[in-house]
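The sequence lines fix the lettering, A, B, ..., with proteins before strands; numbering per chain opens at 1.
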Amino acid sequence: MLAASVLAAEDVSFLLVGSAALWLRNEIVSVGDADVVIEPTEGNIYRLREALTGIAARPVPSMNILSGGSVVPVMTAYGKVDCLMKRGRQDWGRLRRGAGFLPVADVSVLVAASVDAWELRRHYKGATE
Amino acid sequence: MSERTGLGVVEIAILEAVESSRFLNCSKALTRVEERTGLAPGYAYQVLIDLARPWTMPVCLVEGQGNFGSRGDDPPANFRYTEARISRAGRVALAAERGEMAPVPIALINGNSYREGLRPPFRPDAIIAAVREVIQRPEVTDKELTSLAGLPYFLTGCAVSGNLAALAAGRRTELRLQAQVSISDDRKEVVIENIPPNISTDETARIIISRAESQPWADNHPGLHHLTFLPITDLRDKTSDRSSPFGRIICIPKPGTSPERLRDMLLEIPGVCTTMPVQLPRPLPLLIRHWVQANGHEDLLASLTALDEGMRGHAPAGGPGGPA
């Protein structure tokens with residue numbers, strides 16, 4: 001959760017999905033990593049990489065990998081972040097329409113609608129649930 | 001995977017290649033492994049390193065000499081410059097593989113989480129006790145067996161917590177691994193030791209340093225800054241192969257910061273606290289019972305005693321003997 005706040009504070013445009021989003025939407029789930037759908041513009045992906053470089057525990061993937069990748073996991077000083085890059089390229093517009101800003105600490109974080117967060121959770125974790 | 005020990009083909013080939021009382025050049029040993037398995041030396045070396053690193057698995061099957069890497073980010077030296085020989089526990093495993101001794105549950109103890117598998121390691125004496133209990137008292141309940149085996153155990157000495165019932169039932173769950181964080185007697189330092197195995201000590205140090213740096217957004221988001229900023233004036237990584245192989249990072253609190261507050265903040269920092277997904281292929285009591293049933297016609301009590309002694313560095317009694 002903190003990792004998402006830090007990315008938002010760094011002006012990265014993303015949508016929080018996954019367990020953290022569901023928890024913020026008052027669903028009863030245990031919160032794990034921060035799963036974020038990244039807005040697929042070049043400038044935003046550049047800001048993402050800059051932000052991650054400042055907080056990552058390991059080297060951050062290149063712009064090429066971030067731009068063309070599917071799910072890019074990054075271990076940061078604020079917790080693990082799974083950057084859902086492909087989902088952003090495919091669904092940013094649709095997911096953005098249902099999303100809304102919620103406060104985490106004193107940062108506004110864009111959080112996916114419950115129905116979208118559940119749908120993505122089923123998509124990514126369906127095999128293990 | 002072998003029914004007798006749970007070891008894989010490459011692991012067994014490595015044990016045979018380093019079966020000597022003298023240290024052998026790893027390049028030579030890996031050539032033998034390649035001849036037997038066809039696996040190129042660079043791949044087999046990764047397995048050999050795992051078998052030799054003292055922080056990787058509870059039952060170390062190989063002893064290494066030279067640079068096998070560190071708990072930090074330092075990589076091992078090339079195999080041309082390192083040496084290895086079989087450990088006493090490795091001799092017991094190899095004897096069990098060859099049928100010179102009854103089987104021993106090496107894989108059940110060591111797990112495979114050291115290479116991002118889902119099976120965690122357990123305390124060797126606890127698994128040996130659980131196996132002995134099944135042999136001597138077959139009517140032992142599943143609950144008793146689970147309790148005997150206990151929580152997974154990591155050689156770095158980190159604290160482990162999690163849903164043992166779910167793990168023992170064969171369900172996927174998550175362990176929480178936490179380093180020990182203490183305050184020095186003079187209250188000037190907060191000391192982090194026994195860092196979890198699934199993060200390097202260098203990464204943990206980098207994370208702490210990153211959290212102690214002023215962030216560009218701090219003024220605009222004082223609430224987030226207050227939650228995340230670590231009040232540290234200095235950090236010293238004292239991890240060393242000899243005195244603190246499992247990590248020792250010393251943090252000096254900023255003036256005005258109580259060591260208790262810093263300790264409590266550090267306990268929640270990624271790297272000081274990690275999570276690990278785990279799942280056993282079958283319920284734990286069933287795994288233990290199945291292993292005993294599959295091998296029950298052999299003298300398992302003797303081989304377990306030999307493994308126990310081999311891990312303690314004693315010559316296994318009645319076993320394959322000490323160094324060749």
Side-chain angles (χ1 to χ4, degrees), chain A residues 1-14 16 18-20 23-24 29-35 46-60 71 73-82 101-110 121 124-129, chain B residues 72-73 75 116 118 161-163 166 170-177 195-196 198-230 232 235 237 249 265-266 268-279:
Chain A
M1 197 83 83
L2 282 178
S5 300
V6 170
L7 287 183
E10 295 267 9
D11 291 328
V12 177
S13 176
F14 67 89
L16 185 64
S19 58
W23 187 83
L24 285 171
V29 291
S30 57
V31 180
D33 309 331
D35 299 325
Y46 180 80
R47 277 197 300 281
L48 170 70
R49 186 163 193 279
E50 289 289 298
L52 290 176
T53 301
I55 60 174
R58 297 168 188 162
V60 176
V71 179
V74 182
M75 181 66 191
T76 78
Y78 303 88
K80 187 163 163 260
V81 180
D82 283 335
F101 283 99
L102 292 174
V104 179
D106 55 357
V107 182
S108 290
V109 174
L110 190 57
R121 189 177 168 92
Y124 287 105
K125 292 201 166 181
T128 57
E129 283 189 337
Chain B
D73 289 344
E116 299 186 48
L118 288 173
S161 56
N163 187 343
R171 295 201 304 273
R172 188 177 172 120
T173 184
E174 201 167 70
L175 298 178
R176 182 181 159 99
L177 312 180
I195 291 169
N198 54 348
I199 191 154
S200 79
T201 54
D202 288 350
E203 286 169 341
T204 300
R206 273 200 296 275
I207 285 171
I208 294 169
I209 290 167
S210 170
R211 292 282 292 260
E213 286 171 346
S214 183
Q215 300 297 332
W217 40 260
D219 290 340
N220 291 335
H221 302 286
L224 181 62
H225 176 72
H226 179 74
L227 269 179
T228 57
F229 181 70
L230 279 177
I232 289 172
L235 177 145
D237 189 350
I249 296 172
M265 291 183 81
L266 284 167
E268 296 301 322
I269 295 285
V272 176
C273 173
T274 66
T275 57
M276 178 183 280
V278 288
Q279 185 173 25

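- Residues passing the ring pair (Phe, Tyr, Trp, His ring centres under 6.0 Å) test with B:His225 are B:Phe229, sequence neighbours excluded.
- Looking at A:Val104, neither its backbone nor its side chain comes within 4.5 Å of chain B, counting heavy atoms on both sides.
- Along residues 48-56 of chain A, the residues that come nearer than 4.5 angstrom to chain B, judged on non-hydrogen atoms, are A:Gly54, A:Ile55 in order of number.
- At a 4.5 Å heavy-atom cutoff, B:Glu174 makes no contact with chain A through either its backbone or its side chain.
- Side-chain contact of B:Asn163 with B:Thr173: a donor-acceptor pair under 3.5 Å is absent, judged by distance alone.
- The side-chain heavy atoms of B:Ile199 and B:Leu177, taken from C-beta on, include no pair separated by under 4.5 Å.
- Residue A:Thr76 touches chain B through its backbone alone, counting heavy-atom pairs closer than 4.5 Å.
- Counting non-hydrogen atoms of other residues, nucleotides and ligands closer than 6.0 Å to CH2 of B:Trp217 gives a total above 12.
- By the side chain to side chain donor-acceptor pair (under 3.5 Å) test, A:Ser13 is found to be paired with A:Glu39, residues two or more places apart in sequence or in another chain being considered.
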Please table the atom pairs, donor to acceptor, closer than 3.5 Å between any side-chain atom in residues 203-213 of chain B and protein atoms at least two apart or in another chain.
from     : atom 1 : to       : atom 2 : distance (Å)
B:Glu203 : OE1    : A:Arg58  : NE     : 3.4
B:Glu203 : OE1    : A:Arg58  : NH2    : 3.1
B:Glu203 : OE1    : B:Ser200 : N      : 3.1
B:Glu203 : OE2    : A:Arg58  : NE     : 2.4
B:Thr204 : OG1    : B:Ser200 : O      : 3.3
B:Thr204 : OG1    : B:Gly271 : O      : 3.2
B:Arg206 : NE     : A:Ala57  : O      : 2.9
B:Arg206 : NH1    : B:Asp73  : OD2    : 3.1
B:Arg206 : NH2    : A:Ala57  : O      : 2.8
B:Arg206 : NH2    : B:Asp73  : OD2    : 2.9
B:Arg211 : NE     : B:Thr228 : O      : 2.8
B:Arg211 : NH1    : A:Ala77  : O      : 2.7
B:Arg211 : NH2    : B:Thr228 : O      : 3.3

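- Distance alone, capped at 3.5 Å, places no donor-acceptor pair between the B:Asp202 side chain and the B:Gly72 backbone.
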